[in-house]
Amino acid sequence: MGCEDIPSSNEKNLPHYAEGPIVKGFGRGSSELGFPTANFDEDIIVRLPNQLVGGVYWGFAQVESSPVYGMVMSIGWNPFYKNKKRAMETHILHEFDSDLYGKHLRVVIVDFLRPECNFPDVEALKNAIAEDIKKSKIEMRREEFKNFAFDSFFKSSIIRAVD
């Protein structure tokens with residue numbers, strides 16, 4: 001499994017706030033991997049700091065004026081799929097009743113979990129995502145990070161950080 005090196009300057013760019021409409025992604029999150037994602041448009045992606053290179057991050061997300069939920073986000077080119085375009089794929093730790101296309105997404109990227117990696121097969125990728133979610137839930141409960149879920153950036157006072 002090959003992983004990218006992440007510069008230490010990465011942490012200086014966190015937390016990072018982003019918002020915009022949810023657009024259709026590559027269609028793999030739900031169907032192939034079992035982890036649906038809310039994807040940002042390229043206009044949002046190009047505004048990322050250059051130091052937020054490929055990797056998996058965790059933080060908090062809100063769709064429209066929903067409660068605030070925990071999230072895990074992949075930023076980069078997804079080496080397993082050999083993407084040609086950089087992506088910001090947000091897996092919100094909540095099951096929604098309908099698709100989210102066109103709705104407004106707000107995220108606070110709080111911390112880094114791991115670099116992007118290339119996996120030998122889909123099962124290894126799915127296992128890594130499950131482990132990312134497990135680790136992110138532990139981090140979200142840490143006292144020094146709880147306030148991010150209540151940030152004024154989010155428009156709702158209802159909070160539900162971890163399902």
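- Arg106 contributes a side-chain N or O that, together with a main-chain N or O of Glu64, makes up a donor-acceptor pair within less than 3.5 Å.
- Distance alone, capped at 3.5 Å, places no donor-acceptor pair between the Asp41 side chain and the Ile44 backbone.
- Atom-to-atom distance recorded for Asp151:CG and Phe60:CZ is 10.5 Å, nearest 0.5 angstrom.
- For the pair His91/Pro36, a side-chain contact is recorded, criterion being any heavy-atom separation below 4.5 Å from C-beta on.
- The two residues Phe148 and Phe154 have their closest heavy-atom pair at O-CE1, 3.4 Å.
- In this structure, NE2 on His94 lies 7.5 Å from OG on Ser66, to the nearest 0.5 angstrom.
- Taken from CE in Met71 to CD in Glu89, the straight-line distance is 12.5 Å, to the nearest 0.5 Å.
- The nearest pair of heavy atoms linking Met140 to Gly59 is CE-O, 3.7 Å.
- Between Lys24 and Asn39, the shortest heavy-atom contact is C-ND2, 4.4 Å.
- Judged purely by atom type and a 3.5 angstrom limit, Gln62 has no side-chain atom pairing as donor or acceptor with the backbone of Pro67.
- Here the CD1 atom belonging to Ile129 is positioned 7.0 Å from the CD1 atom belonging to Ile133, to the nearest 0.5 angstrom.
- How far CZ of Arg141 is from NZ of Lys146: 9.5 Å, rounded to the nearest 0.5 Å.
- Just one residue in the list Leu113, Asp132, Ile109, Val110 forms a side chain to side chain contact (heavy atoms under 4.5 Å, CB included) with Tyr57, and that residue is Ile109.
- With a 4.5 Å cut-off on side-chain heavy atoms, Leu105 and Ile92 count as touching.
- Criterion: ILVMFWY side-chain heavy atoms under 4.5 Å apart, direct or through other members. Under it, Leu48 and Val107 are part of a common hydrophobic cluster.
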Walk me through whether Phe35 and Val72 qualify under side chain to side chain contact (heavy atoms under 4.5 Å, CB included).
CA-CA 10 Å; Phe35 299 99; Val72 175; over 6 Å; no
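- Dense packing is recorded around CD of Glu131, with more than 12 heavy atoms of other residues, nucleotides or ligands lying under 6.0 Å away.
- Two residues are said to be in side-chain contact when any heavy atoms from C-beta on lie closer than 4.5 Å; Phe119 and Lys126 fail this criterion.
- A donor-acceptor pair is defined here as one N or O able to donate and one able to accept, closer than 3.5 Å; no such pair exists between the side chain of Arg142 and the backbone of Ile138.
- In terms of heavy atoms, Lys103 sits closest to Ser98 at NZ-OG, 4.2 Å.
- Phe145 and Trp58 have perpendicular rings, their planes meeting at more than 60° on a 0 to 90° scale where under 30° would count as parallel.
- Taken from CE in Met88 to CD1 in Ile45, the straight-line distance is 6.5 Å, to the nearest 0.5 Å.
- For the pair Met73 and Phe40, the minimum side-chain heavy-atom distance is below 4.5 Å.
- Among all heavy-atom pairs drawn from Ala128 and Arg114, the shortest one is CB-NH2, 3.9 Å.
- Contact annotation: the side chain of Thr37 never approaches that of Thr90 to less than 4.5 Å [non-hydrogen atoms, C-beta and beyond].
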